[in-house]
**Q** 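Here it is, the structure, as structure tokens.
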Amino acid sequence: NTFIVDGRKPHTMQLACIAGLALVMVAWLAVANVPTFELVCVFGCLRCMGGSIVWLNSTLLLQNLSNVEILGRVLAFEHSLASLLEGFSAFVAGRLEDKGHGKEEISFLCAGAAGSLLIFWSTYHLFGHGAAKKQIVDDDNHQNLREGSSFDFVHSPVEV
């Protein structure tokens, strides 16, 4: 849907990541406060949707704004870091549960982490950094992107 997120406008993908983080935070806060297992499942699905929005759009941003020569390494590093942090968060949550902390406390902790990321990326975006840089936002055709970026590679005709 190019009305909400347009792959040719990286700042819209950055905004989608921010919206995804907001959805993750709200869903974690809801999980901490709901009385039934069914509602935990509903808000767990919403949390996963927010995480998927962040994952998809951040990966697309990396693909669009990374230099072609290092694109594979950037995406491999991103995937490795995401896997490492996913395992780390499961480990920490398990340790907290083993020490007697309830789902409410763990959910509030996760909401706090998502809220911290939300504040950081919102501030970063509002001050015009990342994909919100003026040179990227002002140029719909991305002529100001670095030479050899994957965006140019993917959307340019192949030269023979």
Side-chain angles (χ1 to χ4, degrees), residues 1-2 4-29 31 43-98 101 106-159:
N1 184 351
T2 59
I4 298 171
V5 178
D6 187 349
R8 295 169 298 203
K9 298 178 180 178
H11 70 281
T12 63
M13 290 185 278
Q14 187 166 308
L15 281 172
C17 289
I18 292 168
L21 286 171
L23 185 58
V24 168
M25 184 188 72
V26 168
W28 272 121
L29 287 173
V31 166
F43 288 110
C45 287
L46 287 175
R47 180 190 55 80
C48 288
M49 287 171 56
S52 295
I53 290 169
V54 173
W55 178 273
L56 176 72
N57 286 288
S58 64
T59 302
L60 288 174
L61 272 172
L62 284 173
Q63 289 175 11
N64 285 348
L65 300 177
S66 293
N67 194 328
V68 174
E69 287 81 24
I70 62 168
L71 180 59
R73 287 172 280 191
V74 168
L75 294 178
F77 179 73
E78 179 232 3
H79 183 71
S80 299
L81 189 60
S83 296
L84 176 70
L85 292 175
E86 185 177 349
F88 179 73
S89 66
F91 174 77
V92 169
R95 293 289 292 176
L96 288 172
E97 193 169 315
D98 288 346
H101 297 282
I106 296 169
S107 296
F108 278 126
L109 180 66
C110 292
S116 298
L117 289 171
L118 176 65
I119 290 168
F120 172 78
W121 280 107
S122 297
T123 305
Y124 193 71
H125 183 80
L126 288 173
F127 282 101
H129 296 292
K133 280 187 178 178
K134 185 166 177 43
Q135 68 186 31
I136 295 173
V137 173
D138 288 345
D139 188 8
D140 289 338
N141 295 322
H142 300 293
Q143 299 301 319
N144 290 333
L145 291 177
R146 292 184 303 275
E147 285 296 317
S149 73
S150 62
F151 187 85
D152 294 334
F153 175 74
V154 172
H155 297 287
S156 298
V158 177
E159 295 179 18

**Q** If I compare all heavy atoms of Phe43 with all of Val31, which pair ends up nearest, and what's the gap?
**A**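 Looking at all heavy atoms of both residues, the closest pair is CB-CG2, 3.7 Å.
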**Q** Considering all heavy atoms of both residues, which atom of Val24 and which atom of Gly51 are nearest to each other, and what is their separation?
**A**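 What the structure gives for the nearest pair is CG2-N, 3.4 Å.
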**Q** Report the residue from Val26, Leu118, Ile53, Ile119 that forms a side-chain contact (heavy atoms from CB on, under 4.5 Å) with Leu21.
**A**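 Between Leu21 and the candidates, side-chain contact (heavy atoms from CB on, under 4.5 Å) is satisfied uniquely by Leu118.
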**Q** Nearest 0.5 Å, please: how far is CD1 in Ile18 from CG in Leu23?
**A**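 So the CG of Leu23 and the CD1 of Ile18 are separated by 14.0 Å.
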**Q** Say whether, by atom type as modelled, one donor and one acceptor occur between the side chain of Ser89 and the main chain of Glu86 under 3.5 angstrom.
**A**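 Flag set: sc Ser89 to bb Glu86 pair under 3.5 Å.
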**Q** Rounded to the nearest 0.5 Å, what separates atom CG in Leu29 from atom CZ in Arg47?
**A**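 Rounded to the nearest 0.5 Å, the CG-CZ separation comes out at 13.0 Å.
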**Q** Please report the shortest heavy-atom distance between Met25 and Gly115, naming the atom on each side.
**A**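 It is SD-CA, 3.4 Å.
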**Q** Looking only at heavy atoms, which two atoms of Ser58 and Cys17 are closest? And how far apart?
**A**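 Answer, listing the atom of Ser58 first, then Cys17: N-SG, 3.5 Å.
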**Q** To the nearest 0.5 Å, how far apart are CG in Asn57 and CG in Leu15?
**A**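 Spacing of CG (Asn57) from CG (Leu15) equals 10.0 Å.
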**Q** Working to the nearest 0.5 Å, report the span between CZ of Phe91 and CG of Leu96.
**A**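 Nearest 0.5 Å value for the CZ-CG distance: 10.0 Å.
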**Q** Per the side-chain contact (heavy atoms from CB on, under 4.5 Å) rule, which among Leu56, Leu62, Leu65, Leu61 passes with Met13?
**A**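 The option that passes is Leu61.
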**Q** NE2 of His129: more than 12 outside heavy atoms within 6.0 angstrom?
**A**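 More than 12 heavy atoms, drawn from other residues, nucleotides or ligands, come within 6.0 Å of this atom.
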**Q** Take atom CZ of Phe120 as the centre, draw a 6.0 Å sphere, and report whether it contains more than 12 heavy atoms from other residues, nucleotides or ligands.
**A**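 For Phe120, atom CZ is crowded (more than 12 foreign heavy atoms under 6.0 Å).
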**Q** Rounded to the nearest 0.5 Å, what separates atom CG in Leu46 from atom CH2 in Trp28?
**A**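 If we round to the nearest 0.5 Å, Leu46:CG and Trp28:CH2 are 12.5 Å apart.
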